[in-house]
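Working notes, structure below.
Counting starts at 1 for both ligands and their atoms, following the listed order. All values derive from a computational prediction rather than experimental measurement.
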Amino acid sequence: MDKLIIEGGRKLQGEINISGAKNAALPLIAATLLAPGWHVIRNVPDLRDTKTILALLESFGAVWKRDGNVLSINTEALTNLEASYDLVKTMRASILVLGPLLARMRKARVSLPGGCAIGARPIDFHLDGLSKMGARLDLEEGYVNASTGNRLSGGNIYFDIPSVTGTENILMASVLAKGVTVIKNAAREPEVGNLIDMLISMGADIEGKDTDRLIIHGVKDLRPAEVTTIPDRIETGTYMVAVGATGGEVTLRNCNPNHLPALTEKLKAAGLIIEETENSFFVSRPSKIQSVDIKTQPYPGFPTDLQAQLMALMSMANGLSVITEKIFENRFMHVAELKRMGAEIKINGNSAIVKGSKRLKGARVMATDLRASASLVVARLAAEGITEISRIYHLERGYEDMVGKLQALGANVRKEKE
Ligand code: UD1
């Protein structure tokens, strides 16, 4: 296992490129299961999670090659339709193979997912939706056995809560279904829009992109796709928050400022200067950070995947901040670690009350999940002294070359074996 050694207290300065979005690349890769032939996906980040989903596709019989950040995938010969526990346990998004396998191969066996331990995170919306489309589903020894005699059929699907991967799974199932599928209360995250663009380029008929009501007219077959992964808005936001914590002046290139409306407003209110062009952000922190309150919401609200990082920033702000988590019930695992560094945080139900303190101290901390780990990096970059963050494999699931990018911005960071 690797650990990160950080000497905090340096301002971040310079420019870095933002990578393709993990949460967009995963469904795009899964969607290649819908059609035989060579698919081309550009701007794919090289991460533990993208490696996991490629290993999963390989286990089905797919072949792929990577040239820089361009992936070519061929899913012509699918000889195995079982997603094993060993592959699925490390990444919850593996459930994304269920919809496309069922739609094209009419059969799939997928282990129930693992991934970040941030709440119960059921998959009932995925299963209820597929069942409404005519799939037979049995849960057996930790696996979902799914099959359909004929093509899946269109249906009316309503999500109680707009689920991102739920919307993506049903979209991928419905494009090859017989008839019309309507998804109501669909997730509007930009990653869903990226998948819709890919599916349309493959010949799918989908109306309602970027709205919460998607109408899909099923087609008989699809052709291979050529698509570009959108920039990672969570990686972008993490570096913006890091500049807030350390001070300095940073330009983030190859990002999409339109995808971060809530974070940008909150960081401006906290005192950061943020200038945007079509595909870059310039971020600087001229003075002390002021506290702001946030509440996580589905897109375009404040993303739950940036809540932990913002909490690290608020723990060094002027004043009191209330951070309310509305998406996942157990997403405060970073609190105990931030408190070890001197942060003053009290949990009250699904809210954290954060009292900004002057400066966090360097203390040894342990990464617990992907975004919690990012919040510890943000806190450590600003704290005094040298310390370690252990178990950084969580970070490597979702941040491409974080060490290299932070070094490029002048941070004193290195990776070592534990
Ligand atoms: C995706 C993202 C994750 C992000 C989350 C919320 C990917 C690969 N992961 O996760 O990084 O934190 O969106 O923006 O894109 N729910 C159910 N039943 C279901 C499905 C979801 O009750 O079948 C609930 C969840 O417990 C949660 C809410 O719906 O409270 C939203 O979760 P969802 O959007 O599904 O999260 P993921 O798609 O797993």
(request) Report yes or no: do Ser351 and Thr324 form a side-chain donor-acceptor pair below 3.5 Å? (result) yes
(request) Return a yes/no value for Ile161: is any of its N or O atoms, backbone included, closer than 3.5 angstrom to an N or O of ligand 1? (result) no
(request) Please state whether Pro122 comes within less than 4.0 angstrom of ligand 1, counting heavy atoms only. (result) yes
(request) Inspect the contact between Asp2 and Lys417 and indicate whether a charged nitrogen and a carboxylate oxygen are less than 4.0 angstrom apart. (result) yes
(message) One residue to check: Tyr299. Relative to ligand 1, which of side chain, backbone, both or neither has a non-hydrogen atom less than 4.0 Å away?
(response) neither
(message) I'd like to know whether ligand 1 has His126 as a neighbour, heavy-atom separation below 4.0 Å.
(response) yes
(request) Examine Glu168 against ligand 1 and note whether any of their N/O atoms are separated by less than 3.5 Å. (result) no
(message) Any salt bridge linking Asp197 with Lys209? Criterion: basic side-chain nitrogen under 4.0 Å from a carboxylate oxygen.
(response) yes
(message) Pairs of nitrogen or oxygen atoms closer than 3.5 Å, one from Ile327 and one from ligand 1: do any exist?
(response) yes
(message) Taking Asp49 first and then Arg397, would you say they form a salt bridge - that is, a charged N and a carboxylate O separated by under 4.0 Å?
(response) yes
(message) Under 3.5 Å between any N/O of Ala93 and any N/O of ligand 1: does that happen in this structure?
(response) no
(request) For Thr304, counting its heavy atoms only, list the atoms of ligand 1 lying under 4.0 Å from any of them. (result) 6 (C), 12 (O), 14 (O)
(message) I want to know if ligand 1 touches Gly166 in the polar sense, i.e. an N/O pair below 3.5 angstrom.
(response) no
(request) Answer yes or no for Arg331: is there a heavy-atom contact with ligand 1 below 4.0 Å? (result) yes
(message) side-chain hydrogen bond (donor to acceptor under 3.5 Å, both in side chains) for Arg48 and Tyr399? Distances and angles first, verdict last.
(response) CA-CA 9 Å; Arg48 196 177 284 260; Tyr399 289 89; over 6 Å; no
(request) Pick one of side chain, backbone, both or neither for how Arg92 approaches ligand 1, counting any non-hydrogen atom pair under 4.0 Å. (result) side chain
(request) Provide the number and element of each atom of ligand 1 under 4.0 Å from a heavy atom of Val164. (result) 1 (C), 13 (O), 15 (O), 33 (P), 34 (O), 35 (O), 38 (O)
(message) Whether Glu226 and Arg42 form a salt bridge (side-chain N of Lys/Arg under 4.0 Å from carboxylate O of Asp/Glu) is what I want to check.
(response) yes
(request) Could you say whether the N/O atoms of Asp305 and ligand 1 ever approach to under 3.5 Å? (result) yes
(message) Can you confirm, on distance only, whether ligand 1 has an N/O atom lying under 3.5 Å from any N/O atom belonging to Asn23?
(response) yes
(request) Output yes when Lys339 and Glu344 qualify as a salt bridge under the 4.0 Å nitrogen-oxygen rule, no when they do not. (result) no
(message) Quick test of your reading of the model: are Glu191 and Arg233 salt-bridged, counting only N-O distances below 4.0 Å?
(response) yes
(message) Under 4.0 Å between a side-chain nitrogen and a carboxylate oxygen: does that hold for Arg331 and Asp305?
(response) yes
(request) With heavy atoms of Thr165 as the reference, note each atom of ligand 1 found under 4.0 Å away. (result) 7 (C), 8 (C), 15 (O), 37 (P), 38 (O), 39 (O)
(message) Salt bridge or not between Asp46 and Lys51? Use side-chain N to carboxylate O under 4.0 Å.
(response) yes
